[in-house]
Every structure is written in C-alpha cells, then in structure tokens.
Amino acid sequence: MTRALIALALSAAAAVAAADPAFDAVFVDRTLRVDYVHVGDASSESATLDQLYEQGAWAGSTTSVIDELNLGRYMVKVYDLATNRLIFSKGFDSYFGEYRTTSAALAGARRAYHETVLMPMPRGKVQFTLEARDRSLVFRRFFDIVIDPAAIEVNREGPRGDAEALTFLDSGDPHQKVDILFVAEGYTGADRAKFKGDAERLTKLMFAQEPYKSRRALFNVRGIYKASADRGCDEPSHGSYKRTVVGSSFDSLGVYRYLLVEDNRALRDLAAHAPYDALYILVNTARYGGGGIYNWYCTTTSNNQYTDYVFLHEFGHSFAGLADEYYASTTAYNEFYPRGSEPLEANITALLNPPKVKWSTLLSPGIQVPTRWEKADFDKMDSEYQKVREEVQQKIAALKRAGGGPALEKLEAESERMAADHAKKVDEYLAASKYAGKVGVFEGAGYSSGGLYRPSVDCIMFSKGVKPFCPVCQAAIVRVIESYAR
C-alpha cells in the first residue's frame, strides 16, 4: 500500500467518528458497491445483478441520504426490509439511458451496459430498487432485489490491482465535502508527472471559476494513477485502438467527438482506491472531445486548445445535471426531450406555461418572455460552419485510416484554426447582443432549434470557451454542492 493510500485509509477511519447518529442507526460507515447489467432498447429495459462489493468508508453525506434534487432519468431507492422505510435514494443518468434514444435502439437493437451504484453499507437486509422515468417523466420500477450485507456473496477483498492515489486538494472529512476523483487514462509509465500536472492545472482552473471559487473549502480533489500500455484512447473511425486502463473511446453512440468509457467494471475497480462522489476521467490525447453523464462520470482530453472549456462544461453535466444549451452540433439522440414534457434540467425549459418559467426569480427586470434574440443571423453563421466542420472531420478520419502523413497534419491544423476562428466569431456575435449579460428565455437549447429555451444568450453550457456559467447554471451547481457539503 502506498503512503498516499495509507493516508487516505487513516482519513477514512477518522471519518467514522463524524457519522450522523441517524445515519449510524441504519448504516455502517462503509461503501456497498452494487454492480449490475442494464439491458434493453428504446421500448423496454431490465437489469440483472452482477456483483456486490464492500469498499472503503462511505464518501457521501451522512445527513443527506435521500435525494431531493429531482434530477436524472433513473433513481435508485433502497428500503429497510424490516420496516419498509426508504433509507437511501439517488438520481442518475447512464450510458444505457443515452443509448435508448438512438436510432439503433428505436429500431429494436438491444444492448447491455455494465453499471454501478454506490451506497452506504446497510446494517440489515434491504430491498434495492431501480426506477426509470417514462415519457411523462414519472418513475416506474424495473428492477428490485433483496440484498443481505452479511451474505458471503459480498466481495470483501478490497481494491483490485495496483494504483497510486494522489491528493490535489484536501479540505477535510469526505462526509462533509464534495469528493472529486481524477482517473488517469492513456497515461503511460513515463507520463505520471504529466498526469499530476494536468490534474493540478484543471483543479486550479475549476476554483478560479464561480460558483466553485467561493466554495473551494467544500471540495476534496484526488487522483488515481495507473499506467496504461499506450498513450491516448480508441478512435474507431480513425482505425486507431490503444491499450488503456479503462478503455475510453471516441465515436461513442456514433458521434466522432463523444468520448466515453464502456468498461465500467475496470473503471470502478480503479476508482475504488480512493473515496469519491464525482469521477473525472482525464484522457491523455490532443484530440477535441469529451462527455458527461449525470452522477455517472465525465471525460475530457488533456491537450486540446479547448480542454479547459470541455473540462468545465462536462463537469456541469455530470455533477450538476445541467443540460446542453447548444442545438446545432451533431448528436446521436432522437427526441432526447419528449415534446410536451418540461425538462428536468434547471437550465432549459419547454416553456409549457408562459409567461411562467422555472427561473422566474432570476429573470432580468422587464425582459420579454420568450425573449426574441438575434437568432436567425446566428443560425446562418453557425450552420455554415457546422457543415464545413463535418466535412473536414470525415476527411481527417479517411486520412488517418489511410496512414496519415503531411496532408493529415495540415488538415488537423486547419481544423483547429477553423474551430478557433468560429469560436471567436460566436463570442463576438453573442457579446454584441442587446441581451448580453441578461437572464431571459431564449429559444434554441437541448439539441433543438425550436421549442426549447435557455436562460442566457451565452454561457459555458452553450458555446465554446472558458466563460462564466450564467446565473441560472450557477444557482443549479450551488444547489448540488450543498447536497453534499457543509
């Protein structure tokens, strides 16, 4: 065991004394990891238990174990079997939840995804249930099982394999803090210092940005380093595959820039070496891309000109459940937000009951609802760029499959220059809007040009660049922080 792991173990042991009395009555201050397989398509889903694990001290709150945020398309609920009392719940989204909105799922192609729920270790038998929202966003149970924490089937062998735990910010007891864990992906044995530097740089970036800046003392940030055999990650459309510790891959759900991890078991085995509430997979490549799934994990690449933007944007998804506010870029989703239903996310609305809006207390005085911004000219400028970008990405993929060379290097450089030029044009256009800096109800959000609305003309959830979260997004992030930390 490394010194860092010993220090974490001692910190976790000390945290036992901080457990809330009500928590202590029903839970032991350990973590129960429930692994299961989620199977289905767009019209049906089911799950089956894979494995139960006892892990280290519980990293989450001991006072807020019932989820009151009403976020996520899934919910785990745990009931004490003796009293039928709800003792734990948590909302989340998942890779499967995104898959089921794709054309393949709509056509009936069933797929299986390995998933994990972490919860405090119960003292007695519990009923563990999983619920999914229907098109009306009402929860329907699709899986339940009785779990006996004393059963011999619970794996108690401890973290698997070797890994090094690093600490980048230590603000105290994990029970009372948001615990972020960076996972090194595609960093070789020669890249340990690079991972440490990348994680330190991004930690510094996060706490230079509100609302994190003024709440820095509410966070712990750690890292897990394990060497990968190769640098980078899989790039299937480029014909490139790498041997890495958690198997991250571009082209997830068929979108070239979408970077996710399908080897959930490997990811959770690695993450088990440290306490965490939020996972951030840091991928050692210069390519643009990332991904974020609420209460699941998020990814970013380490060396791109937009790494800082992607880092903050994707954490907004995975930690705070914020929606994408953009609507022009290619996605794999079909009706991700069903018509006639109000999205769960705090930063977009279907405006089903105008002029009432979910962020009414933050609206700028006297602003029109909906707010007629300079959308037509913006759409023309952006659609022209998106068309060219897609063509360039297809050419890059073809050149990579053909073996690369000078032509590839030139085209990749041109693609980066085009992205920077377009981002600058977007920033200048939106900054010149008469609504810049105001909170209103602006049409165009959630992958839809019409029928969905966002709170501000611009925000880090709308366009590229390290820029402020709008007031509505900041308020949503604060609400989640306060559910973990004090």
Side-chain angles (χ1 to χ4, degrees), residues 34-51 71-77 91-117 128-145 234-237 239 241 247-267 289 291-297 299 317 321 323-324 327 329-345 350 390 393-394 397 446-452:
V34 183
D35 281 10
Y36 59 93
V37 180
H38 200 161
V39 182
D41 55 22
S43 61
S44 65
E45 61 187 314
S46 61
T48 186
L49 181 68
D50 175 37
Q51 180 67 59
L71 295 171
R73 289 167 177 77
Y74 292 94
M75 177 75 75
V76 54
K77 293 181 179 178
F92 63 96
D93 288 320
S94 70
Y95 201 157
F96 173 83
E98 297 206 351
Y99 169 72
R100 69 183 320 210
T101 70
T102 66
S103 297
L106 288 167
R110 293 173 62 80
R111 284 203 60 183
Y113 291 86
H114 191 270
E115 299 182 355
T116 294
V117 164
F128 176 95
T129 72
L130 294 173
E131 299 181 355
R133 295 186 194 263
D134 62 19
R135 288 179 60 84
S136 299
L137 302 182
V138 175
F139 277 120
R140 310 289 184 190
R141 184 178 299 185
F142 69 95
F143 176 72
D144 67 87
I145 189 172
D234 290 348
E235 302 176 72
S237 63
Y241 297 89
S248 63
S249 179
F250 278 100
D251 302 294
S252 296
L253 301 179
V255 178
Y256 68 87
R257 70 182 185 281
Y258 204 16
L259 177 61
L260 295 178
V261 170
E262 289 199 22
D263 193 348
N264 177 69
R265 183 182 286 107
L267 174 63
I293 301 175
Y294 175 60
N295 270 344
W296 208 244
Y297 61 70
T299 67
H317 290 313
D324 277 318
Y327 54 89
S329 297
T330 302
T331 69
Y333 311 131
N334 291 273
E335 202 180 14
F336 196 79
Y337 298 102
R339 292 187 178 275
S341 295
E342 175 64 16
L344 299 166
E345 294 88 342
E390 290 296 322
Q393 291 302 321
Q394 290 178 14
Y447 323 120
S448 178
S449 178
L452 290 176

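Residue numbers run from 1 in the order of the sequence given.
Between L344 atom CG and Y294 atom OH the span is 10.0 Å, to the nearest 0.5 Å. Here the straight-line distance linking atom OG of S248 with atom CG of L260 works out to 9.5 Å at 0.5 Å rounding. Between R141 atom CZ and M75 atom CE the span is 12.5 Å, to the nearest 0.5 Å.
In this structure, the side chain of D251 does not engage the main chain of G254 through any donor-acceptor pair within 3.5 Å. T48 places no side-chain N or O within donor-acceptor distance of the main-chain N or O of V37, the cut-off being under 3.5 Å. The backbone N or O of S341 sits nowhere less than 3.5 Å from a side-chain atom of R135 that would complete a donor-acceptor pair.
The two atoms that bring S94 and E115 nearest to each other are OG-OE2, 3.2 Å, heavy atoms only. Across Y337 and P343, no two heavy atoms sit closer than the pair CD2-CB, 3.9 Å. Across all non-hydrogen atoms, the minimal contact from V39 to A112 is CG2-CB, 3.8 Å. When all heavy atoms of G91 and N295 are compared, the closest pair comes out as O-ND2, 2.7 Å. In plain terms, the two heavy atoms of A397 and S237 that are nearest each other are CB-O, 3.6 Å. Summarising the geometry of A132 relative to Y74, their closest heavy-atom pair is CB-CE2, 3.4 Å, with the distance given to 0.1 Å.
Between Y256 and Q394 there is no side-chain heavy-atom pair separated by less than 4.5 Å. In this structure the side chain of D324 reaches within 4.5 angstrom of the side chain of H317, judged on heavy atoms. The shortest side-chain heavy-atom distance between L253 and Y95 falls under the 4.5 Å cut-off.
R265 meets the salt bridge (charged side-chain N to carboxylate O under 4.0 Å, His left out) test with D50; sequence neighbours excluded. Applying the side-chain contact (heavy atoms from CB on, under 4.5 Å) criterion to R111, with sequence neighbours excluded, gives Y99, Y113, E262. Shown here are the salt bridge (charged side-chain N to carboxylate O under 4.0 Å, His left out) partners of E45, two or more places apart in sequence or in another chain: R100. Not counting sequence neighbours, the partners of S449 by the side chain to side chain donor-acceptor pair (under 3.5 Å) test are K375. For V76, the side-chain contact (heavy atoms from CB on, under 4.5 Å) partners at least two apart in sequence or on another chain are V78, F88, K90, F92, V117, F128, L130. With sequence neighbours left out, Y36 forms a ring-ring contact (aromatic ring centres under 6.0 Å, His included) with no residue at all. In terms of the ring-ring contact (aromatic ring centres under 6.0 Å, His included) criterion, H114 has no residue partners (sequence neighbours excluded). With sequence neighbours excluded, the residues that form a salt bridge (charged side-chain N to carboxylate O under 4.0 Å, His left out) with R73 are D93, E345. Annotation: side-chain contact (heavy atoms from CB on, under 4.5 Å) contacts of D41 (sequence neighbours excluded): S43, S44, R110. Under the salt bridge (charged side-chain N to carboxylate O under 4.0 Å, His left out) criterion, D35 pairs with R33, sequence neighbours left out. In this structure, the side-chain contact (heavy atoms from CB on, under 4.5 Å) partners of A266, at least two apart in sequence or on a different chain, are D263. Qualifying ring-ring contact (aromatic ring centres under 6.0 Å, His included) partners for Y333, counting only residues two or more places apart in sequence or in other chains: F336, Y447.
Screening F96, F143, W296 for a ring-ring contact (aromatic ring centres under 6.0 Å, His included) involving H38 leaves a single residue, F96.
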